[in-house]
Protein chains: 2
Amino acid sequence: MNDPPLFVLLNEISIIEHLARNRLERALPEGLRVSHFVVLNHLVRMGDGRSLVRIARAVQVERPAMTNTIQKLEARGLVTLEADPRDGRGKLVFLTPAGRAAREEAVAIAEAAIAPVAGDVSAAEVGVVLPVLRRLRAALDRARDDD
Amino acid sequence: MNDPPLFVLLNEISIIEHLARNRLERALPEGLRVSHFVVLNHLVRMGDGRSLVRIARAVQVERPAMTNTIQKLEARGLVTLEADPRDGRGKLVFLTPAGRAAREEAVAIAEAAIAPVAGDVSAAEVGVVLPVLRRLRAALDRARDDD
DNA sequence: ACCATATTGTTCGATATCGAACATATGGAG
DNA sequence: CTCCATATGTTCGATATCGAACAATATGGT
């Protein structure tokens with residue numbers, strides 16, 4: 001079997017993603033899904049007060065999924081919603097203090113979850129790999145827009 | 001934000017996986033899911049006549065999901081099931097000619113789907129990145145067993 | 001040989017995600 | 001200003017996945 005190199009790479013990426021996601025999912029507090037964590041993380045890192053669509057696009061899910069995720073986060077008191085003053089259709093998502101705290105806790109859990117494998121891949125290696133993957137991601141993103 | 005390097009790497013991997021999966025999902029023939037394609041691919045590459053659990057473990061899904069996937073493949077006439085002569089509990093999965101043909105077609109579709117981004121990552125770069133990711137995958141696999 | 005334990009494939013209930021469709025709101029073309 | 005295409009958030013129906021639990025079979029220790 002000589003599949004194209006990129007094919008093999010994506011296959012490996014797919015497996016790693018699945019393993020890492022499952023591992024994180026089990027480590028997170030009861031009821032806090034990876035998808036929730038991803039949104040909290042995004043809001044902390046990129047800033048809150050963003051619309052649902054914008055967040056959805058950033059984390060690669062469709063709008064209905066984001067509606068669901070945000071409703072769960074709101075029910076937990078981790079985010080609040082406000083009407084967008086500039087757009088009557090939009091809602092803006094804001095982190096609550098509890099939301100920021102939950103994100104901190106989840107990050108600590110995530111780091112602990114990957115600690116056992118951290119020794120197998122050095123920071124230097126990540127430094128080599130990461131730029132290539134970023135380029136790959138950018139290319140996939142561009143290809144998506146072209147469809 | 002200075003997250004640990006491995007954390008950033010896994011985050012990037014997660015995004016790439018999602019983009020690539022969505023892209024492939026849309027390109028595949030109606031009703032043929034990525035999960036189905038993964039199983040067909042596995043059977044061709046690693047050999048058929050394997051049990052459900054064995055396939056499930058290899059492609060990182062739980063047994064109920066594999067039961068579902070195999071039933072769909074069987075309904076499409078892409079695989080057949082036989083009782084394991086050595087184990088009264090087991091079933092062995094065999095590819096049909098139609099299954100092999102469907103796999104060939106799906107591989108061609110998958111290659112076409114990633115062709116637009118193939119130019120952005122050279123084979124040499126894949127050669128550099130792949131060993132690191134394989135090591136990461138192996139480490140995650142080991143960590144899973146340790147739980 | 002027997003019984004406890006593990007394994008296999010399955011069913012069941014819960015949940016997340018998706019695509020399609022909808023109501024509402026925006027904004028540009030005429 | 002009016003009207004139509006577009007965008008936003010939501011609801012709905014379908015589907016895949018998971019964890020738990022189950023029946024049937026294997027396996028290993030005594």
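Throughout, a chain's letter reflects where its sequence line sits, starting with A, and its residues are numbered from 1.
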In whole Å, what is the span from the CZ atom of B:R63 to the C1' atom of D:dA24?
-> 15 Å
When you check the phosphate oxygens OP1 and OP2 of D:dT11, does a side-chain N or O of A:Q71 lie under 4.0 Å from one of them?
-> yes
On DNA chain D, more 5' by nearest nucleotide between B:R86 and A:H18 is A:H18
Does A:S51 have a side-chain nitrogen or oxygen under 4.0 Å from the phosphate oxygens OP1 or OP2 of D:dA7?
-> no
What heavy-atom pair brings A:P4 and B:E111 nearest, and what distance separates the two atoms?
-> CD-OE2, 3.4 Å
Taking for A:K91 and for B:S35 the nucleotide of DNA chain D with the nearest heavy atom, the one nearer the 5' end belongs to A:K91
Could you work out which one of D:dC18, C:dT8, C:dA16 sits closest to the side chain of B:E62?
-> D:dC18
Among C:dT11, D:dT17, C:dG9, which is the nearest nucleotide to the side chain of B:V53?
-> C:dG9
Rounded to whole Å, CG of B:L28 lies from C1' of C:dC18 at a distance of 16 Å
Interatomic distance where CD belongs to B:E30 and C1' belongs to C:dA20 [whole Å] | 14 Å
Select from A:G88 and A:K72 the residue whose nearest nucleotide in DNA chain C is closer to the 5' end of that strand.
-> A:K72
Do any side-chain nitrogens or oxygens of B:T67 fall under 4.0 Å of OP1 or OP2 in C:dT10?
-> yes
Is there a donor on the side chain of B:R89 or the base of C:dT7 sitting less than 3.5 Å from an acceptor on the other?
-> yes
In whole angstrom, give the distance that lies between atom CD of B:E82 and atom P of C:dT8.
-> 19 Å
In whole angstrom, what separates B:E25's CD from C:dC18's C1'?
-> 9 Å
Atom-pair distance (CG on A:D87; C1' on D:dA7), nearest Å = 8 Å
From NE2 of B:H36 across to P of D:dT15 the rounded distance in Å is 11 Å
Mind listing the closest non-hydrogen atom pair of A:L52 and A:M66 along with its distance?
-> O-CG, 3.7 Å
Considering heavy-atom distances to DNA chain C, does A:G31 or B:L81 have its closest nucleotide positioned more toward the 5' end?
-> B:L81
List the atom of A:L81, the atom of A:E74, and the distance in Å for their closest heavy-atom pair.
-> CD1-OE1, 3.9 Å
Looking at OG1 of B:T80 and CD1 of B:I70, how far apart are the two atoms once the value is rounded to the nearest 0.5 Å?
-> 10.5 Å
Under 4.0 Å between a side-chain N or O of B:R26 and OP1 or OP2 of C:dG19?
-> yes
Ranking C:dG9, C:dT11, C:dT17 by distance to the side chain of B:L52, first place goes to C:dG9
Minimum heavy-atom separation for B:S35 to B:T69, with atom names?
-> O-CG2, 4.0 Å
Check whether any side-chain N or O of A:T69 sits under 4.0 Å from OP1 or OP2 of C:dT17, and answer yes or no.
-> yes
Salt-bridge criterion met for B:E125 and A:R135 (N-O under 4.0 Å) = yes
Tell me: CG of A:N22 to C1' of D:dA16, nearest whole Å?
-> 14 Å
